[in-house]
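Just so it is clear, the structure is predicted and the values come from calculations on it, not from any experiment.
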Amino acid sequence: MKNVLICASMLGSMLAFSQKKDSAATKSIDEVIINTYVKKDSEYSNKMPLKAIENPQVYSSVDKIILENQGIYTVDDAFKNITGLQTMWTSNGRAGDGGAYVSLRGFVSANSLRNGVLGAVTGTIDAINLEKIEVLKGPSGTLFGSLLTSYGGVINRVTKKPYETFGGNINLSGGSYDTYRAAVDINTPLTQDKKLLFRLNSAYTNEGTFQTEGFRRNLAIAPSLSYKPTDRLSINLDMELFQMKNMSDQTFFFYSGDYLKKVSNIKDLNLDYKNSYLGKDLTNTGRSINFFGQVNYKISNSITSTTNFSSSSSYSNGFMPYLYFMGTDPNMMYRSDQSTRDSRKRSINFQQNFNGDFRIGNLRNRVVVGFDYLRVNNNQNFYDINGFDKGPDGTSVPVPLHQPGFNYTNFNGSTLQEKYNAITGNETPYIIKGIQENYAVYISNVLNITNNLNVLMALRVDSFNNHPGIIGSANSKETEQFKQTFFSPKLGIVYEVIKDKVSLFGNYQNSFKNLTFYTDANKVIRTPDPEQANQVEGGIKTNLFNGKVSSTFSYYNIKVKDVLRNIPSEGNANAQIQDGTIVSRGVELEINAYLVKGFTAIAGFSYNDSKYTKADESVLDLRPNTSGSPYLANLYASYQFLDGKLKGLGFGVGGNYASENKIYNAKDGVFSLPSYVVLNANAYYDAKKFRIGVKVDNFTNQHYWIGYTTANPQRLINAVGTVTYKF
């Protein structure tokens with residue numbers, strides 16, 4: 001907190017100085033800054049254009065320029081620039097749930113929105129088509145619903161759009177661990193009047209591993225078409241395909257057992273960091289295909305209509321090996337697999353919005369009224385080899401973690417397939433089938449009571465319909481249809497202490513989650529109420545020195561109620577009751593600064609205190625094991641010469657800090673991943689027709705781990721060079 005107070009004091013000093021500056025500057029920050037980070041206003045956080053300074057919601061964004069300067073080519077890698085976000089699990093390509101998972105404000109979140117509508121991707125998301133990333137903080141169910149959001153926040157990808165001139169670039173990269181990549185961005189008008197425009201972004205990337213086995217091959221294709229027949233009407237059509245063939249990143253799970261009395265940190269296991277403990281050909285093929293259509297029509301000078309349609313389809317087939325610890329001996333591990341076969345998940349989203357900007361008397365109203373329909377069709381098929389190694393009696397046995405000469409490579413694609421072939425016809429797959437439908441209407445209005453004071457009020461009504469097929473092997477009430485209706489409100493207040501420079505804000509935000517059936521202590525199957533989260537937040541935003549320094553400081557309190565919690569009883573080990581509570585509190589500070597000509601800095605700090613305040617005794621008053629590290633910090637500073645003989649030369653350095661992460665946290669034991677500091681550097685030369693760049697990530701060769709109740713080792717020092725030709 002001392003650091004927060006110091007930063008707040010600095011902001012106060014900058015404010016005092018900013019008030020002395022000429023407020024009638026003629027050029028905006030977007031016009032004077034070239035090839036540097038700019039935090040832009042958002043059209044998506046409240047489904048209407050709002051300046052950051054007048055928006056009661058906290059959000060972070062990363063512009064494509066910072067991604068280019070840092071040599072970033074995946075969305076996952078771009079997350080390191082987002083304050084308060086921690087990557088928990090990298091994408092593995094599995095249909096339905098194979099995307100990357102992150103922690104936001106103590107809750108797990110995933111990338112599910114593209115330009116404000118459904119756009120889920122279950123594999124690695126290439127950044128080739130990315131204009132910027134927006135991360136909206138806190139429960140956002142009022143405008144985005146329950147199926148596409150989490151209580152911690154929403155991740156939204158803003159994509160590149162066609163433009164009216166011919167242009168583009170070709171990009172080639174190569175570096176450590178057999179990394180090579182080719183990418184292209186081509187834009188062209190298709191008609192002389194430039195009403196029909198086309199753009200294609202595509203990339204192919206191959207990556208090896210720092211471990212004994214592992215690879216990723218990713219293909220991204222993203223064409224877009226824009227047609228504007230009149231000044232009032234525009235039509236946009238987009239498609240994106242992400243195909244991924246990979247061997248899943250090494251993943252260790254940690255279950256309860258007496259071994260937790262002997263070890264409490266990943267370092268206690270003395271793992272061989274470079275050993276994957278796996279053999280060859282444990283591959284998986286994953287694919288995500290999304291289609292998007294948008295029609296914009298200007299009904300009048302004050303009312304516009306936006307019609308959106310999107311479809312999302314994911315597919316996977318292949319192995320998903322994993323390793324785990326349980327029992328008494330921390331020097332012994334188990335090896336298992338959970339494969340998918342022809343596994344699929346399909347979703348469609350239709351959304352109609354009407355936006356208005358008008359006055360009632362002297363009061364300005366900006367309003368959005370919308371209808372949203374989302375349909376999710378699950379057909380996910382999971383197959384298990386629970387225990388690759390078997391004893392004489394057929395039960396699973398562990399293998400030694402430290403034994404010279406032990407053949408870990410016998411856990412490979414050929415031998416695993418033989419085991420599946422041996423049980424064909426006697427398998428008990430875990431199958432998730434069924435259809436979820438959600439109908440919603442919502443309204444959000446920003447009312448300017450005075451020139452400096454605005455109030456946002458929003459309300460959503462959801463009708464959720466669940467049509468289960470098979471969940472596990474159940475054939476009882478769990479397969480019955482059920483419906484729920486839920487109201488989700490939102491309130492925000494912004495007072496601009498100094499117009500367009502300093503604002504005080506507060507918000508109340510709500511989100512919810514529709515749960516599945518549960519069994520109570522009397523073995524009665526019950527339909528749960530929606531679980532819901534309520535956030536209260538307040539803070540200050542600044543936009544100083546003609547936009548060259550922007551910052552956000554906030555305090556939030558999120559309370560999740562009606563959580564299902566375990567109450568094991570005699571004869572019913574899986575009994576539950578819906579009265580659990582989780583409370584997550586914290587502070588976030590983010591600063592983006594263009595301090596002197598050519599010099600840019602991004603800095604962030606967050607602290608999160610999350611715990612179960614009502615739960616079963618094993619975790620009561622403890623931090624959830626999916627909440628990530630309590631303390632996070634990020635920093636990136638860069639300088640580019642904008643004049644003189646060195647014009648176009650730039651370089652930067654930055655890093656991330658995360659405190660200890662308790663991935664198993666219960667009364668019977670604690671297991672943690674240690675804190676880490678990872679440092680990265682980059683340099684580039686940007687000319688009119690070409691660009692060359694190099695990045696070195698983790699240049700101190702830090703051994704560090706991330707985890708979502710798991711431990712996943714991360715890359716050692718690696719370098720990638722890039723050459724780009726522009727036309």
Side-chain angles (χ1 to χ4, degrees), residues 62 66-83 85-91 100-103 124 126-127 173-181 205-216 218 246-252 265-267 271-276 601-604 628-629 631-638 650-661 663 672-684 693-708 710-722:
V62 181
I66 198 72
L67 306 183
E68 187 177 46
N69 290 349
Q70 292 182 358
I72 289 173
Y73 50 81
T74 69
V75 170
D76 295 358
D77 199 16
F79 287 153
K80 63 188 178 186
N81 295 289
I82 300 294
T83 298
L85 182 151
Q86 182 180 23
T87 300
M88 305 285 281
W89 195 335
T90 54
S91 58
Y101 289 90
V102 304
S103 177
T124 299
D126 200 289
S173 304
S176 306
Y177 310 123
D178 295 321
T179 297
Y180 51 87
R181 170 181 168 85
T205 306
N206 181 89
E207 293 180 328
T209 180
F210 64 93
Q211 294 189 313
T212 52
E213 295 292 341
F215 71 93
R216 284 176 180 251
N218 300 303
N246 71 307
M247 180 173 169
S248 297
D249 292 347
Q250 183 192 69
T251 303
F252 289 98
N265 193 289
I266 192 72
K267 289 184 175 179
L271 290 167
D272 182 349
Y273 197 77
K274 295 184 179 181
N275 193 340
S276 66
I602 309 168
S629 302
Y631 293 91
L632 298 172
N634 63 286
L635 174 67
Y636 177 70
S638 66
F651 47 87
V653 64
N656 294 81
Y657 164 78
S659 60
E660 178 187 33
N661 179 9
I663 58 173
S672 299
L673 306 181
S675 63
Y676 59 80
V677 175
V678 178
L679 301 176
N680 313 300
N682 65 276
Y684 58 89
V694 63
K695 68 169 181 174
V696 182
D697 290 336
N698 193 11
F699 62 74
T700 59
N701 211 36
Q702 175 82 23
H703 290 48
Y704 71 106
W705 306 72
I706 64 172
Y708 171 33
T710 58
N712 307 75
Q714 300 301 290
R715 273 192 170 193
L716 297 172
I717 182 173
N718 62 95
V720 175
T722 302

Would you check if [X] and [Y] make a side-chain contact, meaning some heavy-atom pair closer than 4.5 Å?
| X | Y | result |
| --- | --- | --- |
| N680 | V653 | no |
| Y177 | N718 | yes |
| E213 | T209 | no |

Trace of the side-chain contact (heavy atoms from CB on, under 4.5 Å) decision for R715 with D697 = CA-CA 9 Å; R715 273 192 170 193; D697 290 336; over 6 Å; no
For the residue pair [X] and [Y], confirm or rule out a side-chain donor-acceptor distance under 3.5 Å.
| X | Y | value |
| --- | --- | --- |
| N246 | E207 | no |
| D249 | T90 | yes |
| T124 | S91 | yes |
| T710 | T251 | no |
| N682 | Y636 | yes |

Checking side chain to side chain contact (heavy atoms under 4.5 Å, CB included) against I706, which of Q714, M88, Q86 comes through?
->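 Looking at Q714, M88, Q86, the match for I706 under the side chain to side chain contact (heavy atoms under 4.5 Å, CB included) is Q714.
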Rounded distance [0.5 Å steps], [atom1] in [X] versus [atom2] in [Y]:
| X | Y | atom1 | atom2 | result |
| --- | --- | --- | --- | --- |
| F210 | S276 | CZ | OG | 9.5 Å |
| F79 | I72 | CZ | CD1 | 11.0 Å |
| L635 | N81 | CG | CG | 10.0 Å |
| T205 | Y180 | OG1 | OH | 10.0 Å |
| I663 | I266 | CD1 | CD1 | 6.5 Å |
| K267 | W705 | NZ | CH2 | 11.0 Å |

Please report the C-alpha distance between D178 and R216 in whole Å, then the side-chain angles of each, then the deciding distance to 0.1 Å, and finally whether the salt bridge (charged side-chain N to carboxylate O under 4.0 Å, His left out) criterion is met.
-> CA-CA 10 Å; D178 295 321; R216 284 176 180 251; over 6 Å; no
Main-chain N/O of [Y] paired to [X] side chain as donor or acceptor, under 3.5 Å:
| X | Y | answer |
| --- | --- | --- |
| N656 | K80 | yes |
| N701 | I717 | yes |
| S629 | L632 | no |
| K274 | Q211 | no |

Of all heavy-atom pairs between [X] and [Y], which one has the smallest distance, and what is that distance?
| X | Y | value |
| --- | --- | --- |
| P674 | N265 | CD-OD1, 3.6 Å |
| A711 | L673 | CB-CD2, 3.7 Å |
| T212 | N275 | OG1-OD1, 3.6 Å |
| Y684 | F651 | CE2-N, 4.1 Å |

Before giving the answer on side-chain contact (heavy atoms from CB on, under 4.5 Å), spell out for V62 and I82 the whole-Å C-alpha distance, their side-chain angles and the decisive distance to 0.1 Å.
-> CA-CA 7 Å; V62 181; I82 300 294; 3.3 Å; yes
Might you work through the side-chain contact (heavy atoms from CB on, under 4.5 Å) test for T722 and R181, ending with a clear yes or no?
-> CA-CA 9 Å; T722 302; R181 170 181 168 85; over 6 Å; no
Mind running side-chain contact (heavy atoms from CB on, under 4.5 Å) on N634 and Y657 for me, showing each step along the way?
-> CA-CA 6 Å; N634 63 286; Y657 164 78; over 6 Å; no
Could I get the full list of ring pair (Phe, Tyr, Trp, His ring centres under 6.0 Å) partners for Y676, not counting sequence neighbours?
->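 Result, ring pair (Phe, Tyr, Trp, His ring centres under 6.0 Å) vs Y676: Y704.
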